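What follows is one structure encoded as structure tokens, with my remarks underneath.
Remember, it's 1-based here, ligands and their atoms both numbered in the order they're listed. These figures come from a predicted structure and were not determined experimentally.
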Amino acid sequence: MKTILVAGGAGYIGSHTVKYLLKNNYNVVVVDNLSYGHKEAVLTSNFEQIDLADKEALDKIFKKYKIDAVIHFAAFTYVGESVSQPQKYYWNNVVNTINLLDVMIENDVKNIVFSSTCATYGNPQYTPIDENHPQSPINPYGKTKLMMEQIMADYETAYGLKYVALRYFNAAGCDKDGDLGESHAPETHLIPLILKAIKGEIPQISVFGTDYDTLDGTCIRDYIHVEDLADAHMLAVEKLFKDEQSYCINLGTGIGKSVKEIIKSAEKVTGKKVPLVYGERRAGDPAKLYASNKKAKEILGWNPKYTDIDEIIKTAWAWEQNKKF
Ligand code: UDP
């Protein structure tokens, strides 16, 4: 049985991936500092509450367990905050990840799956976005992720590190069994905010811009179910065990949905109206982002199961009504 160390395994995508790995007979060790994650979301007893800044503690964990591969989710992800507090993002997302890579190399662990993002592309020059699209991030968050892709490439040359950088589009939805879900504080993402507005937990949502060059004037994004992301991470680890080669791969459904379409779907799923106002554009939001997922299908043999936005929102609504944390 292979052992996977999941850094950030108490977070949204990390916790779903841990559950998926356990179901598929992997031994899983979670490290998380719980700065944003939830202890209740960790479904393995192998849990170590440490910060990746603490190299010594990290080294002890690599000596305690025989780790075959690492999946690294631990990062700060608020784009707006990364603009106002870049220091926080460079220290955590870059410096602490270098710590993790160094401890891996020192302990002869050479396989890592890394959470990257479509934010590394910046303003798209064309859609769908494939992996050859130029990478020119427009905020510090996207820059930290691009830097890590580049650093991992250098570690491959120097130390033989093998990595799969998974560039996610918009993660959405929740565990279909209701054990896990999306629980950010603060919440900034469209789908959970819409569902909170429907519940009356917040007064309304604001639609950020209605004058974009899209069919209905609102922004288009590619919403990918968190269980499909979990599946892709497991396939990526298995690819590393087989191929010993590095890859950068997009993860999206390849389907673009506008903000208005998401609102319509949420109203259909819940049978309730979304209280909303039409507001100004949010700084740094490109009109259209959706993925070419051809490479993920070809290289990983991955196929997203959730391609119907109503089905994705149904899982998010079930969680929103019956949250465990
Ligand atoms: N959005 C919106 N109102 C909100 C939050 C988001 O209109 O309160 C829009 C946002 O402009 C973007 C889309 O919804 O086009 C998805 O935003 P989210 O923050 O969920 O993810 P992002 O695309 O920024 O990663």
(request) Return yes if a side-chain donor-acceptor contact under 3.5 Å exists between E81 and Y89, otherwise no. (result)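 Short answer, yes.
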So which bit of [X] gets within less than 4.0 Å of ligand 1, heavy atoms only: side chain, backbone, both or neither?
| X | answer |
| --- | --- |
| I205 | neither |
| Y212 | neither |
| A119 | neither |

(message) What I want to know is whether L193 and ligand 1 share at least one N or O pair that is separated by under 3.5 angstrom.
(response)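 Not met; the criterion fails.
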(message) Counting only nitrogen or oxygen atoms and a 3.5 angstrom limit, does F208 reach ligand 1?
(response)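 Yes, F208 has an N/O under 3.5 Å of an N/O on ligand 1.
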Pair [X] + [Y], salt bridge at N-O below 4.0 Å:
| X | Y | answer |
| --- | --- | --- |
| D285 | R221 | yes |
| K294 | D130 | no |
| K324 | E40 | no |
| K110 | E244 | no |

At a 4.0 Å threshold, what atoms of ligand 1 neighbour a non-hydrogen atom of [X]?
| X | value |
| --- | --- |
| Y223 | 13 (C), 16 (C) |
| C219 | 15 (O) |
| T188 | 5 (C), 19 (O) |
| N170 | 16 (C), 21 (O), 22 (P), 23 (O), 25 (O) |
| V207 | 7 (O) |
| S206 | 2 (C), 3 (N), 4 (C), 7 (O), 8 (O) |

Considering non-hydrogen atoms of the protein only, which is the closest contact for [atom], and what is the distance?
| atom | value |
| --- | --- |
| atom 9 (C) of ligand 1 | V259 CG2, 3.8 Å |
| atom 11 (O) of ligand 1 | D285 OD2, 2.6 Å |
| atom 20 (O) of ligand 1 | L190 N, 2.8 Å |

(request) Indicate if V226 and L251 have the same hydrophobic cluster label, given that clusters are the connected sets of ILVMFWY residues with side-chain heavy-atom separations under 4.5 angstrom. (result)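 V226 clusters together with L251.
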(message) Is the terminal nitrogen or CZ of K295 (NZ for Lys, CZ for Arg) located under 6.0 angstrom from the six-membered ring centre of Y247 and within 45° of that ring's axis?
(response)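 No, cation not above the ring by the 6.0 Å, 45° rule.
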(message) To check you understand the geometry: which heavy-atom pair defines the closest contact between G256 and E261, and what is its length?
(response)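 Smallest heavy-atom distance, with atoms named: O-OE1, 4.1 Å.
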(message) Are V70 and V113 packed together at the side-chain level, in the sense that at least one heavy-atom pair is separated by less than 4.5 angstrom?
(response)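 In short, these two side chains do not touch, never coming nearer than 4.5 Å.
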(request) Determine, considering heavy atoms only, which of K288, R221, R282, H189 sits nearest to atom 17 (O) of ligand 1. (result)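 Going through K288, R221, R282, H189 one by one, R282 has the nearest heavy atom to atom 17 (O) of ligand 1.
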(request) May I ask you to check whether H16 and Y12 place their ring centers less than 6.0 Å from one another? (result)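 Ring centres of Y12 and H16 closer than 6.0 Å.
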